[in-house]
2 protein chains.
Amino acid sequence: MNINENFLTLQKNYLFSEVQKRKEAYLKKHPDADVISLGIGDVTLPLAPVVIEAMHHGVDEMADKKSFHGYGEEQGYLFLRDAIRKYYEKKNVTLENAEIFISDGAKSDLGNMLDIFSIDNTIIIPDPVYPVYVDINQMAGRKIIFIHGTKENGFLPMPQEDLNGDIVYLCSPNNPTGAAYNRKQLQAWVDWANDHSAIIFYDAAYEAFLTQAYPSSIYEIEGAKQCAIEFCSLSKTAGFTGVRCGYTIVPLALEKDHVLLHDLWLRRQSTKFNGVSYIVQRGAQAVFTPVGQQQIQEAITYYLENTEMITKTLKDLGIWHIGGKISPYIWMACPKGFTSWEFFDYLLDKCQIVGTPGAGFGKQGEGYFRLSAFQDHDKVYEAMLRMIAHLGF
Amino acid sequence: MNINENFLTLQKNYLFSEVQKRKEAYLKKHPDADVISLGIGDVTLPLAPVVIEAMHHGVDEMADKKSFHGYGEEQGYLFLRDAIRKYYEKKNVTLENAEIFISDGAKSDLGNMLDIFSIDNTIIIPDPVYPVYVDINQMAGRKIIFIHGTKENGFLPMPQEDLNGDIVYLCSPNNPTGAAYNRKQLQAWVDWANDHSAIIFYDAAYEAFLTQAYPSSIYEIEGAKQCAIEFCSLSKTAGFTGVRCGYTIVPLALEKDHVLLHDLWLRRQSTKFNGVSYIVQRGAQAVFTPVGQQQIQEAITYYLENTEMITKTLKDLGIWHIGGKISPYIWMACPKGFTSWEFFDYLLDKCQIVGTPGAGFGKQGEGYFRLSAFQDHDKVYEAMLRMIAHLGF
């Protein structure tokens with residue numbers, strides 16, 4: 001028996017494990033420290049009441065033989081796929097229910113989707129980026145080309161004339177930078193993909209934070225159904241990080257030599273997946289009701305108020321930053337010439353704040369730092385006071 | 001962009017989709033037919049009260065900021081892993097919590113586990129077999145060797161002297177045949193694996209149906225921790241087919257050139273998976289309480305009463321069969337010289353009974369047929385009356 005040797009090429013510590021490790025080490029030395037986490041992007045507000053109600057009802061159904069649900073469709077229940085289809089209608093995107101696949105989160109499908117593609121494909125990945133994109137491709141031994149996000153391009157790399165590759169990962173609004181592509185920029189990516197017979201893996205996990213000035217689905221862009229797969233999640237949209245539900249759109253128009261990618265993905269899912277918990281799908285359905293949409297908007301507004309506090313503080317401190325406003329993340333330059341991990345340690349030591357070092361998201365992230373707005377108002381406020389005290393000049 | 005061409009080598013219809021299609025076609029022609037399904041192995045009894053209670057409590061926790069759960073450990077909550085560790089203690093199997101990984105079902109992990117192994121490994125698969133084992137390896141382009149289950153070996157193939165391969169799938173009690181390996185037979189497999197540096201993928205999804213005469217975990221066998229990964233699920237154990245929870249054991253003793261398979265799997269899971277729903281894990285935990293164990297046993301007993309009805313009928317009809325008693329499946333020879341699919345159509349047409357054709361589980365399954373005991377007593381009773389009426393001589 002041989003192992004997959006590609007695993008040995010991976011960096012040993014996954015970014016957030018390392019963050020956690022350093023935080024725990026600090027707490028061991030300073031057990032009374034009031035550490036505030038603006039690190040990992042995990043929600044803090046409870047689920048919307050309408051979701052809770054729907055899941056209680058779902059649990060009750062499972063208690064009675066008449067309403068019990070065993071295996072569901074691997075692709076997801078029609079009631080949920082139909083709710084998502086209608087959600088897209090409001091974006092003026094017309095989908096068929098068959099194009100919608102319910103997942104246990106974007107992360108799973110972003111990795112699993114690679115199963116249906118040749119391992120000889122070349123992958124284009126922006127740098128800095130959500131580290132999972134890199135790791136999942138490295139695990140499979142795929143060739144990766146990095147395109148650079150920089151201060152100059154607003155951390156929104158665009159396709160250059162000589163860019164060649166088969167699959168490109170785009171995330172908008174972006175994790176970690178909080179930057180979002182506008183319509184014109186996304187159109188350029190879609191045109192590039194169609195010209196190059198490439199596929200866009202579009203990670204829309206943070207779409208709920210966007211204003212209407214930005215496309216919140218790649219299918220708002222002409223030609224996208226011929227070249228893009230969209231991954232979305234209720235993790236950040238509706239606080240589902242512990243509930244686990246997302247969805248993936250594989251358009252029926254996506255094909256290669258008359259083979260529908262949709263059919264391959266359906267085959268993959270029905271063979272390697274047994275669908276998402278019925279109870280969870282009932283909860284997810286509630287998110288898309290009018291009341292659900294209103295309730296989740298309150299949470300999103302709450303987190304965006306945090307980004308306002310953070311960006312105002314950074315502005316006052318004269319620290320370069322982007323993100324916030326249309327994203328739960330703020331991407332800041334490390335002050336005082338610190339590297340990312342130096343600043344991590346400094347911020348933890350001086351301010352008892354945990355953030356995420358930009359270098360963890362790629363080489364271009366060195367010298368930058370991600371702050372997450374998923375936290376309580378009063379804790380963010382306290383964190384900002386500490387930053388002003390220690391980073392003011 | 002190129003697709004994974006291995007997908008094009010797969011049979012177009014997944015077995016149970018084809019069964020469903022033929023059933024639907026029949027119902028379209030005979031809309032008033034009272035079709036009884038003894039086909040797909042899906043449970044029919046509702047969840048145990050203790051599981052319902054635990055999930056309601058879990059939902060309530062998610063409604064309150066103080067008890068809300070966001071991201072959990074990708075490996076699963078410690079409360080559940082610890083409950084499973086104690087469950088194994090009763091089998092005299094000592095595990096560490098670190099060796100237990102919570103999954104959304106055995107099917108997912110049986111496929112995903114392959115990620116950590118080289119695609120150059122040769123896979124040994126019994127025939128007949130759960131078709132997923134074959135498809136997931138064919139998708140990745142792995143070489144497959146089939147070993148034959150026959151009437152002569154009781155559909156329990158054993159390792160022959162000249163058998164060489166890297167990974168072998170064993171399922172006991174078996175799907176589809178209901179046959180289970182005894183201690184001596186499993187010891188022979190473990191010895192063979194250790195002698196050949198091979199890995200056993202042990203699918204224990206139906207272990208809860210076994211009597212104490214059979215090992216219900218491969219780790220009851222000496223040397224198994226050096227060569228086996230065990231996959232289990234609450235789908236059949238506790239009616240979780242629609243709830244989605246299972247677990248996978250990767251012993252810390254499993255290694256290849258000092259690389260722990262455990263570490264590779266942990267890396268795989270933390271990169272490509274975000275864990276199982278908190279609510280579901282609370283429900284699963286309840287299964288392992290004393291009350292939970294008692295309540296699920298009632299359901300298992302109920303299903304085993306169905307197998308008694310079925311095996312008694314087949315015996316009376318003089319039809320060769322194995323399984324039942326220690327398994328929810330009965331594996332019968334097709335009467336009257338029918339092929340598997342011919343018998344499927346015959347049984348549907350004459351008796352309005354849906355079963356699963358043996359040929360769908362592999363070439364050696366031709367001429368055999370699987371009946372599932374996951375059904376209501378009165379329906380099984382009615383089905384047996386019909387079989388006696390049409391298959392009696």
Side-chain angles (χ1 to χ4, degrees), chain A residues 1-5 7-8 10 14 42-43 45-47 49 52 55-56 59 62-65 68-72 104-105 107-108 111-112 115-118 120-121 132 135-136 139 166-167 197-199 241-244 256 259 261 264 267-268 270-280, chain B residues 1-5 7-8 10 14 42-43 45-47 49 52 55-56 59 62-65 68-72 104-105 107-108 111-112 115-118 120-121 132 135-136 139 166-167 197-199 241-244 256 259 261 264 267-268 270-280:
Chain A
M1 170 274 299
N2 288 306
I3 60 164
N4 176 352
E5 301 270 342
F7 272 73
L8 306 180
L10 296 168
Y14 183 59
D42 196 2
V43 296
L45 295 175
L47 295 177
I52 294 293
M55 290 203 294
H56 273 310
V59 171
M62 300 298 267
D64 185 338
K65 199 168 181 309
F68 176 76
H69 285 78
Y71 287 122
D104 66 341
K107 188 177 170 187
S108 303
N112 295 338
D115 283 4
I116 70 165
F117 293 94
S118 167
D120 297 327
N121 286 324
V132 160
D135 289 351
I136 54 184
M139 281 176 179
D166 302 301
I167 294 171
S197 304
I199 295 280
T241 51
V243 180
R244 310 304 321 138
K256 168 81 180 183
V259 176
L261 298 191
L264 300 183
R267 189 62 157 87
R268 192 271 172 208
S270 53
T271 307
K272 294 179 82 169
F273 186 56
N274 253 329
V276 172
S277 178
Y278 173 75
I279 299 151
V280 167
Chain B
M1 171 274 298
N2 288 307
I3 60 164
N4 176 351
E5 302 269 342
F7 271 73
L8 306 181
L10 296 168
Y14 183 60
D42 196 0
V43 295
L45 295 174
L47 296 177
I52 294 292
M55 290 203 293
H56 273 310
V59 171
M62 300 298 267
D64 186 338
K65 199 167 180 309
F68 176 77
H69 285 79
Y71 287 121
D104 65 342
K107 188 177 169 188
S108 303
N112 295 337
D115 282 4
I116 70 166
F117 293 94
S118 166
D120 297 327
N121 286 324
V132 159
D135 289 351
I136 54 184
M139 280 177 180
D166 303 300
I167 295 171
S197 303
I199 295 279
T241 50
V243 180
R244 310 304 320 139
K256 168 81 181 185
V259 176
L261 298 191
L264 299 184
R267 188 61 156 87
R268 192 272 172 207
S270 53
T271 307
K272 292 178 83 167
F273 186 56
N274 254 328
V276 172
S277 179
Y278 172 75
I279 299 152
V280 167

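The sequence lines fix the lettering, A, B, ..., with proteins before strands; numbering per chain opens at 1.
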Please step through side-chain contact (heavy atoms from CB on, under 4.5 Å) for the pair A/K107 and B/F273, ending with a clear verdict. CA-CA 6 Å; A/K107 188 177 170 187; B/F273 186 56; over 6 Å; no
Evaluation steps, side-chain contact (heavy atoms from CB on, under 4.5 Å), between A/D166 and B/N2: CA-CA 8 Å; A/D166 302 301; B/N2 288 307; 5.6 Å; no
Run the numbers on A/I3 and B/L264 for side-chain contact (heavy atoms from CB on, under 4.5 Å), then give the verdict. CA-CA 9 Å; A/I3 60 164; B/L264 299 184; 3.9 Å; yes
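Listed by chain and number, the residues in a side chain to side chain contact (heavy atoms under 4.5 Å, CB included) with A/A198 are A/W192, A/A193, A/H196 (sequence neighbours excluded).
Ion pairing between a basic and an acidic side chain is recognised when a charged N comes within 4.0 Å of a carboxylate O; B/D135 and A/K272 show no such pairing.
Residues A/R267 and B/M139 approach most closely at O-CE, 3.7 Å, considering heavy atoms. Nearest heavy-atom pair across B/P46 and A/F68 is CA-CD1, 3.6 Å. Across all their heavy atoms, B/M1 and A/K256 have their closest contact at O-NZ, 2.8 Å.
Interface remark: of the candidates A/E5, A/M62, A/M55, A/M62 forms the most heavy-atom pairs closer than 4.5 Å to chain B. Ranking A/I136, A/L261, A/V276 against chain B, the residue ahead of the rest is A/I136, based on heavy-atom pairs under 4.5 Å. With chain B as the partner, the residue from A/P49, A/G70, A/G72 showing the most heavy-atom pairs under 4.5 Å is A/G70.
A donor-acceptor pair under 3.5 Å is formed between the side chain of B/N4 and the backbone N or O of A/D115.
Interface residue B/V280: only side-chain heavy atoms are found under 4.5 Å from chain A. The contact between A/N274 and chain B is made by backbone and side chain atoms together, counting heavy-atom distances below 4.5 Å. For B/V43, the parts sitting under 4.5 Å from any heavy atom of chain A are the backbone and the side chain alike.
Considering only heavy atoms from C-beta on, A/Y278 stays 4.5 Å or farther from B/R244 through its side chain.
Note that the CG atom of B/D104 and the CG atom of A/D104 stand 5.5 Å from one another [nearest 0.5 Å]. For the atom pair A/D42 CG and B/H69 NE2, the distance stands at 11.0 Å (nearest 0.5 Å).
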